Amino acid sequence: MGKLMLGNEAIARGAWEAGVRVISSYPGTPSTEITEYATVYPEINCEWAPNEKVAAEVAFGASMAGARAMTCMKHVGVNVAADPLFTAAYTGVNAGFVIVCADDPDMHSSQNEQDSRHYARAAHIPMLEPADSEECRAMTALAFSLSETYDTPVFVRITTRIAHARSTAQENPREDIGLRAYEKNPAKYVMMPAMARDRRAAIRTRMTKLSEDTNSFSLNRMEMRDTSIGIITSGVNYHYAKEAFPEASVLKLGLVYPLPMALIRTFSKKVQRLVVVEELSDFVREQIAAAGIAVDVSSPENKLGELSRNRVRTELGSPVNMTPTIDYVTRPPVLCPGCPHRGAFYAIKKLRLNVMGDIGCYTLGALAPTRSIDACLCMGASIGMAFGAEKAQGKAFSRHNIALLGDSTFLHSGITPLLDAVYNGGAITVAILDNRTTGMTGHQENPATGKNIYHEAAPEVDFESLATALGVRHVRTVDPYDLTASVEALREETDRDTVSVIIFKRPCALLHKEKKPPVLINDCRRCGSCMNLGCPALMNTDRGVQVSPGLCVGCGLCQRVCPVGAISSEGDMV
């Protein structure tokens, strides 16, 4: 009967069944759980890499050495890993090498929308797209066979709705796949120009054969019903299309690059009207039109965010609301009660600093009432942006401008821009918010936590020593709960004429389980000082500020900012 699995869980299962030995990834929603689920299989050597580029290189090295290997990342992680991936398409593989990329239509937890299918086409890497958990399992296992058969890396693309939805998946035994021999082959793996030219020709040969073969793959199937309309679709959009038009004929694509153009042409001749249902971009439709096949033009508005069965009906000319309208009470995004980042933001706001921000929990500091982040571009960009602003405005600008990023983000891609600022004589101040975990994606370990993916002891990066080794002359660590020390540190370090680093160090409140008694508020004067912290445990009522005892963790930050001493606590404060 199978087992109810998340799509991510099914991918991990499929990798195990395919005999995978190595998985290297960097956590990124909605892909994170794949590697976490894989850790339950002792035959797979899993790791969290510092970033997606390193993860892809580790997995490729394992493949080259003869072990089936996989790397998993979200769509923006593919940007980071693109450098090795594009060249891995040239070299080909030894054992199977699979890249799982998780796109995030509607940006549930991302800074942009991307359609990773374009990466497959640009890099000449075939891409599979499963539509449910069973296909996640089966297509992941199949991807390794395709990788070895066609001597190529293979993408498996999912989206948030597939990654985090549960459906039934089969459980098959693990294939007995032995290690392939490692062979020296510079002509295949050393990509200097002379060898790369030959490998570029090999890509064309490979893709020509794959383009022909895909027309007979069972992954791509026609479901013929009413021939007045024929829908070409893939992934979760297959289900939207089936729900919106249950009687329509459908060509379901399992391999979205390269497209089975001969099969598409055959399907088009069987139906009166041909349409494509796809999210984010006209990736499939444009290729079909370029091949001279008559296909409906899609609406540009339908390429924003996620599709649904109602949006599909509207797109295809049948605007029927099939789902009742429900008014939902939304939860505003906010830092957790007791979050150590709140103290750092209080100090930043008190000094009215400009802040070049970064990717992580602390990005919420851009919202009211904190309003302490001016920009957020991509992982590690805060330091480069702060230094660029200094170059534009002069060193005096850095006296009221800082770069802010988390511990995992700094290790992901903050080290090199810090080195750049030191090397080129900058005067920026970098604030590393070290909460001892990779927080936003669900508390994964990183090289600064002292534990590996299995929560076993591992070498722990010392940020002070690392910054000093990069040439930073002024490095200090403060507790963000100590508001006086936090303000003083920022004031002193931003006043320097050289690069300085402040490490705001305190564990995430969700990991640090010691909960103290909630604070007490008496004779509130309604000045609003405590409300400026943005703590969800504080409520502004007609009786003044009140405390929600179920949320308050007793961190004491509100007590420290209250100018009239109206807030007290039971027991000792932190």
Side-chain angles (χ1 to χ4, degrees), residues 334-335 339-358 360-376 381-407 409-410 414 418 421 426-435 463-464 467 472-506 527-535 538 555-564 574:
V334 65
L335 295 170
C339 176
H341 300 334
R342 189 169 280 110
F345 283 129
Y346 174 84
I348 289 167
K349 190 172 183 179
K350 186 177 182 66
L351 295 177
R352 298 181 179 180
L353 298 174
N354 300 326
V355 181
M356 301 301 177
D358 227 300
C361 300
Y362 40 84
T363 313
L364 297 173
L367 306 178
T370 309
R371 300 190 190 278
S372 296
I373 288 182
D374 303 337
C376 175
S382 57
I383 300 176
M385 288 190 296
F387 190 38
E390 178 186 299
K391 283 183 170 291
Q393 295 280 349
K395 284 192 174 183
F397 184 77
S398 288
R399 294 183 183 276
H400 52 87
N401 183 61
I402 67 169
L404 181 145
L405 72 173
D407 49 333
T409 306
F410 177 72
L418 179 58
I428 64 171
T429 297
V430 177
I432 301 175
L433 304 186
D434 180 8
N435 64 354
F463 284 124
E464 287 196 5
V472 181
R473 296 204 300 269
H474 302 282
V475 187
R476 64 202 292 180
T477 299
V478 297
D479 182 349
Y481 274 8
D482 188 337
L483 299 181
T484 301
S486 297
V487 171
E488 188 63 24
L490 284 166
R491 181 180 286 117
E492 290 181 0
E493 298 308 328
T494 53
D495 197 42
R496 300 188 188 280
D497 290 327
T498 59
V499 174
S500 59
V501 171
I502 306 170
I503 302 153
F504 290 96
K505 184 175 181 179
R506 178 170 275 268
C527 67
S529 296
C530 61
M531 295 302 295
N532 287 331
L533 291 171
C535 179
L538 299 177
C555 70
L557 284 177
C558 58
Q559 183 183 16
R560 294 184 179 92
V561 303
C562 180
V564 296
V574 178

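Keep in mind that what you see is a predicted model, and the values were worked out from it rather than measured.
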Checklist entry - Between Ile432 and Leu405, is a side chain to side chain contact (heavy atoms under 4.5 Å, CB included) present by the stated rule, with each step listed? => result CA-CA 5 Å; Ile432 301 175; Leu405 72 173; 4.3 Å; yes

Item to check | Side chain proximity check, Asn532 to Val561, heavy atoms < 4.5 angstrom | outcome: no

Checklist outcome for this item: All heavy atoms of Val478 vs all of Ala485, minimum pair found to be CG1-O, 4.3 Å

Item to check | N/O donor-acceptor pair under 3.5 Å between Thr429 side chain and Val501 backbone | outcome: no

Checklist outcome for this item: Between Ala489 and Ile502 the two heavy atoms that sit nearest each other are O-CD1, 3.6 Å

Item to check | Donor-acceptor contact present, side-chain Tyr362 to main-chain Gly406, <3.5 Å | outcome: yes

Checklist outcome for this item: Heavy-atom closest pair (Gly343 atom, Leu557 atom, distance to 0.1 Å) is N-CD1, 3.9 Å

Checklist outcome for this item: Contacts of Asp434 meeting salt bridge (Lys or Arg N to Asp or Glu O under 4.0 Å) (sequence neighbours excluded), chain-then-number -> Arg436

Checklist entry - Who are the ring-ring contact (aromatic ring centres under 6.0 Å, His included) partners of Phe345, not counting sequence neighbours? => result none

Checklist entry - Considering residues at least two apart in sequence or located in another chain, which fulfil the ring-ring contact (aromatic ring centres under 6.0 Å, His included) criterion with Phe410? => result Phe463

Item to check | Between SG on residue Cys555 and OH on residue Tyr481, distance to nearest 0.5 Å | outcome: 4.5 Å

Next on the checklist: Test of understanding: with side-chain contact (heavy atoms from CB on, under 4.5 Å), list the residues that count as partners of Gln393, not counting sequence neighbours.
Outcome noted: Phe397

Checklist outcome for this item: CD1 of Ile503 to CG of Asp479, rounded to nearest 0.5 Å, is 13.0 Å

Checklist entry - Step by step, would you call Asn435 with Asp407 a side chain to side chain contact (heavy atoms under 4.5 Å, CB included)? => result CA-CA 7 Å; Asn435 64 354; Asp407 49 333; 3.3 Å; yes

Item to check | Any residue meeting side chain to side chain donor-acceptor pair (under 3.5 Å) with Ser398, in chain and number order, not counting sequence neighbours | outcome: Glu390

Checklist outcome for this item: Sorted by chain and number, sequence neighbours left out, salt bridge (Lys or Arg N to Asp or Glu O under 4.0 Å) with Asp374 holds for none

Next on the checklist: Please find the pair of heavy atoms, one from Ser382 and one from Gly357, that lie closest to each other, and give the distance.
Outcome noted: CB-O, 3.1 Å

Next on the checklist: Please check this pair: side chain of Arg342 against backbone of Gly534, looking for a donor-acceptor N/O pair closer than 3.5 Å.
Outcome noted: yes

Per-pair distances, 0.1 Å, donor-acceptor, side chain in residues 348-356, under 3.5 Å, sequence neighbours excluded:
from, atom 1, to, atom 2, distance (Å)
Lys349, NZ, Pro369, O, 2.4
Asn354, ND2, His400, ND1, 3.3

Item to check | Those residues that, when tested against Arg371, pass side chain to side chain donor-acceptor pair (under 3.5 Å) (two or more places apart) | outcome: none

Next on the checklist: Can you list everything that forms a salt bridge (Lys or Arg N to Asp or Glu O under 4.0 Å) with Glu492? Sequence neighbours excluded, please.
Outcome noted: Arg476

Next on the checklist: Just verifying a value: how many Å separate Leu533 CG and Thr370 OG1, rounded to the nearest 0.5 Å?
Outcome noted: 8.0 Å

Checklist entry - Are side-chain heavy atoms of Leu433 and Leu404 found at a separation under 4.5 Å? => result yes

Checklist entry - Excluding sequence neighbours, so at least two apart, what forms side-chain contact (heavy atoms from CB on, under 4.5 Å) with Ala431? => result Ile402, Phe504

Checklist entry - Quick one: side-chain contact (heavy atoms from CB on, under 4.5 Å) partners of Leu538, sequence neighbours excluded? => result Ile521, Cys530, Met531, Cys535, Val545, Val547, Cys558

Checklist entry - If every non-hydrogen atom of Ile373 is compared with every non-hydrogen atom of Thr363, which pair is closest and at what distance? => result CD1-CA, 3.8 Å

Next on the checklist: Taking side-chain contact (heavy atoms from CB on, under 4.5 Å) as the definition, give me every residue that meets it alongside Ala381, ordered by chain and number, with sequence neighbours left out.
Outcome noted: Leu377, Cys378, Met385

Item to check | Expected output: side-chain Arg496 to main-chain His474 donor-acceptor under 3.5 Å | outcome: no

Next on the checklist: Keeping Ser529 on the side-chain end and Cys527 on the backbone end, is there a donor-acceptor pair under 3.5 Å?
Outcome noted: no

Checklist entry - Are any non-hydrogen side-chain atoms of Asp497 and Arg399 less than 4.5 angstrom apart? => result yes

